Amino acid sequence: MHTYTLKELATGLRARHYSSRELVRHFLDRIAQHNPALNAFITLTEEVALAQAEAADARLARGEGHWLTGVPIAHKDIFCTLGIRTSCGSKMLDNFLAPYDATVVAKCQQVGMPLLGKLNMDEFAMGSSNETSFYGPVKNPWNLACVPGGSSGGSAAAVAAGLTPAATGTDTGGSIRQPAALCGITGLKPTYGRVSRWGMIAFASSLDQGGPMARSAEDCALLLQVMAGFDEKDSTSVDVPVPDYIAGLNQSLMGMRIGLPKEFFDQLDSAMARALEEAIAEYRKLGAEIIEISLPNINLSVPAYYVIAPCECSSNLARYDGVRYGYRCQNPKDLKDLYLRTRAEGFGAEVKRRILIGTYALSAGYYDAYYLKAQKIRRLIAEDFKRAFETVDVLLGPTTPTPAFKLGEKLGDPVAMYLSDIFTIAVNLAGLPAMSIPAGFLDGKPVGMQLIGNYFEEGKLLNVAHQYQRVTDWHRKLPPGFA
Amino acid sequence: MEWEAVIGLEIHVQLLTKSKIFSGASTAYGALPNTQACAIDLGMPGTLPVLNREAVRMAVKFGLAVNAEIAKRSVFARKNYFYPDLPKGYQISQYELPIVRGGYLTIRVDGRERRIGITRAHLEEDAGKSLHEDFHGLTGIDLNRAGTPLLEIVSEPDLRSPKEALAYMKALHQLVVYLGICDGNLQEGSFRCDANVSVRPKGEIKFGTRTEIKNVNSFRFVERALSYEIARQIEILEAGGQIVQETRLYDADLDQTRSMRSKEEAMDYRYFPDPDLLPLVLDQAFIEAVRQELPELPEAKYRRFCEQYGLKPYDAEVLTASSALADYYERVVQDSACDPKLCANWVMVELIGALNKENREITQSPVSAPQLAKLMQRIADGTLSGKLGKQVFELMWQTGKDVDALIEEEGFKQITDQGAIEQVIDQVLASHPKEIADYRAGKEKLFGFFVGQVMKATAGKANPQQVNALLKAKLKSQ
């Protein structure tokens with residue numbers, strides 16, 4: 001069952017091949033068996049999952065329910081879950097029981113998707129390897145010596161290893177797409193404002209966006225259908241109707257204009273480029289028109305991102321002060337001591353680094369040179385994409401510069417780590433939707449292909465991804481130890 | 001040397017919304033600590049602000065009332081600092097692009113009118129409260145106030161004396177209460193004032209170095225605090241010293257200001273636009289709709305009262321102090337059809353006197369405007385003398401009863417029957433032959449004695465004009 005797609009599982013449930021309870025039991029067993037090697041889960045919610053499965057079975061027995069009723073899911077531990085620990089991968093929130101459900105969590109629950117548990121992640125979503133988690137690194141199921149990517153590393157590893165049929169992730173600079181690529185699964189970062197951020201613990205508010213991570217584009221379409229939509233509790237969520245993503249999947253790609261940003265390929269390792277060449281050839285066969293385009297300011301995206309994201313995080317993380325919830329240092333002498341030690345002891349090195357960078361960049365005398373300049377670059381990058389979408393429907397390129405790297409390899413070199421997001425970051429700066437889908441292997445490790453769409457054209461992206469997955473089977477490959 | 005003070009005020013007006021500026025929690029005052037703070041107010045992880053439309057409407061209302069420009073696009077920023085009663089570690093406040101820009105307010109001091117410029121007014125959220133008592137060396141945090149909407153109104157440095165500052169503060173207070181956007185309660189902190197003060201030699205154009213005085217939160221203290229600070233600055237300058245730019249706190253108990261922090265210690269708030277909130281965009285239709293809701297403003301009402309009712313400036317000012325009082329007065333004028341000046345006397349002397357004695361608001365008056373109007377009618381139609389009217393008013397105040405019912409019950413009706421009055425006069429004169437003799441001998445002062453005796457004999461109910469006329473005639477004829 002753990003090799004099935006969401007659609008296959010939903011079909012099986014309706015055909016009574018198995019109950020939701022049996023399905024949940026199966027995944028809980030798989031988690032018990034394999035999670036120790038992967039460390040993908042921070043918290044297991046076995047009782048919750050079984051109770052929700054029984055409720056789902058009852059709904060299905062009455063002939064009610066949504067298409068995904070009874071299909072289990074696991075959430076990145078950045079989404080607040082009522083009464084369940086929501087740690088955000090940090091010691092700071094190790095004791096935090098959220099007093100409410102995130103909108104995404106509530107929506108999955110309303111549909112009747114049992115919650116298997118909360119997934120490991122880089123601390124406060126800051127990292128590209130899942131090594132900054134307070135709960136230890138996650139291993140890549142394709143090669144346990146390698147990282148799964150980050151920050152949604154637990155989500156990607158759990159889906160790849162068949163510990164959950166689908167997961168939620170969040171993407172601030174590539175945190176859905178990069179781990180999806182490194183673990184050989186399909187992940188979608190929606191348009192900024194498409195999915196509510198209510199209850200999604202903020203890293204960089206203007207860049208953060210939640211999205212689905214699953215085996216296939218079709219699965220992502222099913223899950224996005226549940227997750228997406230306007231939410232009055234999130235002022236940045238956009239009141240645009242949610243289209244029927246499933247209905248659009250099977251449109252022909254005849255005449256679809258796919259743009260290749262030359263800047264992405266100029267910098268690309270030749271082996272990675274060859275893997276993508278094959279995918280491009282498939283698209284040609286499907287009738288798509290391949291057009292080379294340019295995104296001239298794209299090389300400014302990493303520096304701009306590493307000003308904006310830390311600026312926002314320095315402010316977003318100010319609330320973790322030991323006063324109202326979360327970690328508090330022992331026996332503070334006075335207020336200053338409470339602040340200093342709570343934050344020194346509660347946050348990890350990468351989080352502190354970014355808070356320091358952001359605090360510095362927002363300081364009087366530096367604001368114009370850093371924050372304002374970065375915002376100008378951000379507009380230039382968005383303009384680049386706008387021009388590109390005047391001539392093409394979607395953009396295609398690599399998700400990452402290389403396949404999964406070794407644990408510890410980049411941990412001591414933050415800039416090298418930051419550059420692993422070089423192809424994904426611009427999308428967040430522009431607020432566009434993008435996906436990563438499996439497109440082959442290099443040295444036994446998955447290679448991800450990135451598709452970028454215009455605002456609110458998730459449907460088109462899913463269509464382009466799904467048509468590729470109909471003629472390839474990279475997305476159905478399972479890591480050898482987890483078959 | 002003659003010195004001139006330069007003063008600008010920053011006034012925080014708590015807006016009278018039902019819920020907070022970015023959450024649905026109640027803003028009611030006086031609840032148990034932390035019972036009116038929801039997940040958003042507590043700065044819980046993952047929570048997001050949603051702007052209260054009503055707070056925006058109130059800010060626009062204020063902007064229109066001071067003839068300011070309403071920004072079609074304004075931006076909420078984050079003011080970052082750590083404090084235990086600031087749950088998110090930042091305060092959401094409009095910074096570079098406020099909702100209200102440029103306006104003015106007219107004040108009157110010693111009969112002279114001045115326009116005081118309003119630089120800006122911006123929306124922001126309040127912080128919670130730190131409670132330092134009752135916790136045995138620890139500090140308690142009450143977040144009920146966190147997220148309460150504030151409109152911070154910044155004046156130009158146009159004020160030249162503590163008296164003008166007080167007049168501005170009062171005029172602004174009057175305006176926001178008129179507009180219904182603030183309850184105006186100074187004790188509960190609904191209207192809080194900080195002052196920027198500097199002095200310069202009279203005639204100098206450049207400003208001197210200023211200090212900011214925090215916490216001048218009452219009409220009583222604003223003049224005193226400023227006077228103290230101005231004297232302090234002049235003393236330093238005359239001794240050849242220099243003013244240090246700093247923030248000072250006014251201590252009402254000691255009646256002095258003391259240094260809180262210098263410019264060097266000033267915090268860097270690292271303002272930047274709040275990414276959780278989109279820029280606030282207002283269209284003209286919304287602004288026009290708010291304009292339609294504007295009541296007659298204090299200044300316009302004052303001018304109208306002077307012209308329409310022929311009132312003296314002072315009287316018009318008193319009667320337009322609040323819209324409730326002005327409404328009361330106009331109702332009395334309308335219902336009684338009496339001389340507006342006479343109505344003004346009654347309202348200002350009897351009614352306000354009684355209110356002040358019991359420290360009541362006009363809205364809590366036991367005598368309603370129609371009742372006071374009816375009382376005045378009874379005086380006008382001769383049922384009551386002016387003096388009796390005052391007695392009846394007192395009874396109305398105490399009992400809340402209707403004028404006519406009281407007149408009936410207490411037998412207050414004025415005696416106007418000529419024969420009946422003559423009879424009493426005859427009796428009085430008959431029993432005071434000596435006084436009559438003295439009167440006739442030139443002691444004309446005794447006339448008042450006779451009037452008094454007649455009034456006494458009728459328990460004050462005889463019509464005084466009639467008594468006067470009849471007495472005069474009788475004394476002459478006999």
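No experiment lies behind these values; they were computed from the predicted model shown. Residue numbers begin at 1 in each chain, while the letters A, B, ... track the order of the sequences.
- Residue contact with chain A, scored on non-hydrogen atoms closer than 4.5 Å, involves the side chain of B/Tyr90 exclusively.
- Both the backbone and the side chain of A/Ala364 come within contact range of chain B, judged by heavy atoms closer than 4.5 Å.
- By number of non-hydrogen pairs under 4.5 angstrom with chain A, the leading residue of B/Tyr271, B/Tyr269, B/Phe82 is B/Phe82.
- For chain B, the option among A/Ala318, A/Ser315, A/Ser235 with the highest count of heavy-atom pairs below 4.5 Å is A/Ser315.
- Heavy atoms closer than 4.5 Å to chain B are found nowhere in A/Cys88, neither backbone nor side chain.
- The number of heavy atoms from other shown groups lying within 6.0 Å of CD (B/Glu288) is above 12.
- Contacts between A/Tyr360 and chain B at a heavy-atom distance below 4.5 Å are absent for every atom of the residue.
- Looking at A/Thr359, the atoms closer than 4.5 Å to chain B (heavy atoms on both sides) sit in the backbone and in the side chain alike.
- Residues B/Glu124 and B/Gln91 are in side-chain contact: their nearest non-hydrogen atoms beyond the backbone lie under 4.5 Å apart.
- Contact of B/Tyr81 with chain A is not made at all, since no heavy-atom distance falls under 4.5 Å.
- The part of A/Leu93 that comes within reach of chain B is its side chain, from C-beta onward, which places non-hydrogen atoms under 4.5 angstrom from that chain.
- Proximity to chain B (any heavy atom under 4.5 Å) is restricted, for A/Tyr320, to the side chain, taken from C-beta onward.
- Contact tally against chain B (heavy-atom pairs below 4.5 Å) for A/Leu207, A/Thr86, A/Asp321, A/Asn316: the top residue is A/Asn316.
- Per-residue counts of heavy-atom pairs under 4.5 Å with chain B were compared for A/Ser314, A/Ala102, A/Cys311, A/Gly199; the largest is that of A/Gly199.
- Of the listed residues (A/Pro99, A/Ala204, A/Ser363, A/Ala202), the greatest number of heavy-atom pairs within a distance under 4.5 Å of chain B belongs to A/Ser363.
- For A/Gln375, no part lies under 4.5 angstrom from a heavy atom of chain B.
- The side-chain heavy atoms of A/Asn428 and A/Gln209, taken from C-beta on, include no pair separated by under 4.5 Å.
- In this structure, no portion of A/Leu317 lies under 4.5 Å from any heavy atom of chain B.
- The cationic group of A/Lys352 does not satisfy the cation-pi geometry with A/Phe347, failing either the under 6.0 Å distance to the six-membered ring centre or the 45° limit from the ring axis.
- Annotation: A/Arg343, atom CZ; neighbour count of heavy atoms from other residues, nucleotides and ligands within 6.0 Å is above 12.
- With contacts defined as side-chain heavy-atom distances shorter than 4.5 Å, the pair A/Arg354/A/Phe124 does not qualify.
- Contact check on B/Glu212 versus B/Lys214 returns a salt bridge, with a Lys/Arg side-chain nitrogen under 4.0 Å from an Asp/Glu carboxylate oxygen.
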Item checked: Stepwise side-chain contact (heavy atoms from CB on, under 4.5 Å) test for A/Asp94 and A/Tyr327 -> CA-CA 7 Å; A/Asp94 182 49; A/Tyr327 180 75; over 6 Å; no

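- For chain A, no part of B/Leu138 is nearby; none of its heavy atoms comes within less than 4.5 Å.
- In summary, B/Lys129 and B/Asp142 do not engage in a salt bridge, as defined by a charged side-chain N under 4.0 Å from a carboxylate O.
- Of the atoms belonging to A/Phe96, it is side-chain heavy atoms, and not backbone ones, that fall under 4.5 Å from chain B.
- Atoms CG and CD1, from A/Leu362 and A/Ile357 in turn, are 12.0 Å apart once rounded to the nearest 0.5 Å.
- For B/Lys88 and B/Asp276, the salt-bridge test fails: no basic side-chain N is under 4.0 Å from an acidic carboxylate O.
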